[in-house]
Amino acid sequence: MNTILVGAQWGDEGKGKIIDVLTEEADIVVRSQGGNNAGHTVEIGKEKFVLHLIPSGILRAGKKCVIANGVVIDPVALVGEIEGLEKRGIKLANRLLISETAHLVLPYHRALDEQRELRKGSNKIGTTKRGIGPAYGDKAARTGLRVLDLVRPKTFSTKLKSRIEENNAILKTLGGAPLSFPEVERTYLEAGRKLAPYITNTVVWLHGQLEKQKRILFEGAQGTFLDIDFGTYPFVTSSNTTAGGSCTGTGVPPHRMDRVVGVMKAYTTRVGEGPLPTESAQVSAMLHAMGREFGATTGRARRCGWFDAVATRYARVVNGIDDLAITNLDGLDTLKEIQICVAYEYRGKRIAFPPNDAEEFLHCRPIYRKFAGWQKSTSAIRHFKKLPVAAQRYLKALAELTGARLRIVSVGAQREQTFQV
Ligand code: GDP
Ligand code: IMO
Ligand code: MG
């Protein structure tokens, strides 16, 4: 059984936690897109881990993890993440594989990300400033450097020199500080030496594992509405965060995929700019007062709102979601009344799918259906039938409106605070 797991909303749905749970029944966990803009949280007992580039499956001993070709890798950040995990007793030797064709994020990508955001002023995207957009831009423009360049010092230095010259000229025009070639060369080649033992042809390796009937779990990063094609462009990230990205980002063909799991919160959050029709000051204030919904990568307060079933229905369509994992149900425990957005209204017309124009999306008004709250803690519950009836009704409505089977419910950040339905 090979499973693709994707975020069905705007990212931070709790993918890290659900990956950790599903890894128990997988042999290999693969990241296929995005970079260290992702922040996947896993809490095990008193330990809290936030993974950025390394698949969340690494926390289960013996499981293999792959950073595949579709990911953009900041080698210095990856070395930091590896060393951070090893310090905490997580062994990575012979467990982590890094694709030699993944593209590199270099310091000029981060500098360009920052300068472009500054120039946009109030129209900024609100990126994580990790250089993700410029790195994927270079990949598409065929001017990127790849992991295999990093372990060929002569080639790397020649290519890097020319890229730094060009990007320094651009940075100068934008008002940014130029980069020093010798310094970047030294730090990146050093990172390359540390990463060398993990680097391989992951396409060939994954196919070998498929032949051995190994079970693969594909860990999506970001969420459907941050997808470069299907998201709220231009307020998106620069990769295909939807199910198809797991094929192009790994070389595993579509017919080898068995199911798609969509992860969604029992409400909606978004970090960064762009449309969010169900955004609610009440929901944001409530969750922030509980100390919840602060970004795992940048620490920014997430914008929060009611569950948006128009959005998740679209997510089901573009990802082909079979099964749903609903997280953070406990976040709504104190509410007397809960709302679900079932359609949008745009200029007096009712619409059932999100519009493609970001401006139009911004002016969509949510049409809500009201649900009774349960006003009881759900965090110790481990069976669907033990949930308050109102919570059962609410979860069933989320699944029905989205159009997929409810399979996993999460009622707390801990591994154990999860049950199958
Ligand atoms: P990801 O990017 O999709 O992996 O999600 P993040 O880790 O960025 O954000 C999800 C947050 O919700 C993290 O702080 C998780 O520890 C937390 N979390 C996940 N599921 C639950 C849940 O069911 N209840 C609570 N209280 N927290 C959860
Ligand atoms: P995980 O995997 C939530 C958002 C940024 C910004 C937009 C573009 O943890 O769910 P980028 O740095 O990618 O160019 O930023 O995308 N964004 C995320 N939001 N979760 C993420 O990852 C995100 N990765 C990027 O906030 O709005
Ligand atoms: Mg996150």
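In listed order, ligands and their atoms are each counted from 1. Owing to the predicted nature of the structure, the values given are computational and were not obtained by experimental measurement.
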Which heavy atom of the protein is the closest neighbour of [atom], given with residue, atom name and distance?
atom	value
atom 12 (O) of ligand 2	Thr128 OG1, 2.6 Å
atom 25 (C) of ligand 1	Asn328 OD1, 3.2 Å
atom 5 (C) of ligand 2	Gly126 O, 3.5 Å
atom 23 (O) of ligand 1	Ser410 OG, 2.5 Å
atom 7 (C) of ligand 2	Val236 O, 3.9 Å
atom 16 (O) of ligand 2	Leu226 CD2, 3.6 Å
atom 19 (N) of ligand 2	Val271 CG1, 3.4 Å

Asp27/Lys64 under salt bridge (charged side-chain N to carboxylate O under 4.0 Å, His left out): CA gap, chis, key distance, verdict: CA-CA 6 Å; Asp27 301 301; Lys64 305 255 189 196; over 6 Å; no
Distance-minimising heavy-atom pair for Thr269 and Tyr267: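 Taking Thr269 first and Tyr267 second, the nearest heavy atoms are CG2-CE1, 3.6 Å.
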Salt-bridge contact Arg407-Asp323 (side-chain N to carboxylate O under 4.0 Å):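 Salt bridge: yes.
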Salt bridge present between Asp330 and Arg292 (N-O < 4.0 angstrom):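 A salt bridge links Asp330 with Arg292.
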Under 4.0 Å from ligand 1, counting heavy atoms only, is it the side chain of [X], its backbone, both or neither?
X	value
Met264	neither
Val411	backbone
Lys48	neither

Proximity flag Arg300 to ligand 2, non-hydrogen atoms under 4.0 Å: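 A heavy atom of Arg300 does come that close to ligand 2.
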Pair Ser56, Asp20: side-chain N/O donor-acceptor within cut-off below 3.5 Å: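 The criterion, which ignores hydrogens and geometry beyond distance, is not satisfied for Asp20 and Ser56.
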Contact check: Gly11 to the Mg ion (ligand 3), N/O/S below 2.8 Å: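 Short answer: no, not a single N, O or S atom is under the cut-off.
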Nearest neighbour of atom 25 (C) of ligand 2 from the list Lys129, Lys124, Gln222, on a heavy-atom basis: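 Nearest heavy atom to atom 25 (C) of ligand 2 lies in Gln222.
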Tyr344 ring center near Phe361 ring center (under 6.0 Å):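 Yes; Phe361 has its ring centre under 6.0 Å from that of Tyr344.
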